[in-house]
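My questions all concern the structure below.
Sequential numbering from 1 along the given sequence is applied to the chain's residues.
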Amino acid sequence: MEDTGPGSTPGLRLRVEGLVVAERRRARLLAYDHRPVDGPRPLAWLTGRAVRHAHWAPWECVAAHQRPTALGERGTVRLNKTLDQLTPLARAHQEWHR
């Protein structure tokens, strides 16, 4: 989320509000997991299929995280909820766009 705050330097800051958790890597590679796609119709269908197993984890669900040791390496994120306790991404999209 873009954010400005009191006492911040002029311009925008970015704030992490949560993570998209996907069981399959393919869902992340399309990069459409951060917003719903309305069209064109074939693209909307493909992206909907790609993220159908993705879930939204608000930042409060992050119990711990470890940065990668080098650029391009993987870091580690531990959540305090299981996958079935997280909100499906499609439902999160609906709630955000009310």
Side-chain angles (χ1 to χ4, degrees):
M1 169 183 228
E2 295 177 355
D3 186 23
T4 56
S8 66
T9 56
L12 294 176
R13 299 179 319 180
L14 297 178
R15 182 177 68 218
V16 176
E17 293 201 357
L19 306 171
V20 173
V21 179
E23 295 180 72
R24 298 184 177 156
R25 178 178 215 144
R26 207 176 351 213
R28 293 190 329 238
L29 295 177
L30 287 175
Y32 287 105
D33 52 10
H34 61 285
R35 68 183 187 289
V37 176
D38 295 325
R41 212 165 164 77
L43 183 58
W45 182 82
L46 282 172
T47 56
R49 296 245 331 142
V51 299
R52 72 183 181 274
H53 297 293
H55 291 76
W56 175 251
W59 189 252
E60 301 83 47
C61 293
V62 176
H65 60 91
Q66 182 178 358
R67 293 182 177 196
T69 54
L71 187 62
E73 297 288 321
R74 291 183 178 187
T76 303
V77 176
R78 295 194 190 281
L79 301 177
N80 59 19
K81 292 190 176 186
T82 62
L83 188 64
D84 60 332
Q85 293 174 315
L86 299 176
T87 303
L89 188 59
R91 190 169 31 163
H93 283 161
Q94 291 171 351
E95 292 172 8
W96 297 335
H97 296 287
R98 286 185 193 186

Partner residues of Gln66 under the side chain to side chain contact (heavy atoms under 4.5 Å, CB included) criterion, sequence neighbours left out: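 Applying side chain to side chain contact (heavy atoms under 4.5 Å, CB included) to Gln66 gives Thr76.
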Can you find a heavy atom in the side chain of Val21 that is under 4.5 Å from one in the side chain of Val77?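 No; the side chains remain at least 4.5 Å from each other.
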Measure the spacing between CZ of Arg67 and CD of Glu73 and express it to the nearest 0.5 Å.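 So the CZ of Arg67 and the CD of Glu73 are separated by 15.5 Å.
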Is any side-chain heavy atom of Val20 closer than 4.5 Å to a side-chain heavy atom of Trp56? yes
Pair Val62-Asn80, side chain to side chain contact (heavy atoms under 4.5 Å, CB included): steps then yes or no: CA-CA 6 Å; Val62 176; Asn80 59 19; over 6 Å; no
Got a sec, which pairs hit ring pair (Phe, Tyr, Trp, His ring centres under 6.0 Å) with one end in residues 57-77, sequence neighbours left out? Trp59-His65
Check: His55 and Thr87 side chains under 4.5 Å, non-hydrogen atoms: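 Sidechains of His55 and Thr87: no contact.
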Run the side chain to side chain contact (heavy atoms under 4.5 Å, CB included) test against Thr82 and tell me which residues pass, sequence neighbours left out.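 Result, side chain to side chain contact (heavy atoms under 4.5 Å, CB included) vs Thr82: Asp84, Gln85.
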Rounded to the nearest 0.5 Å, what separation is found between the CZ atom of Arg74 and the OG1 atom of Thr69?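 The CZ atom of Arg74 sits 12.5 Å away from the OG1 atom of Thr69.
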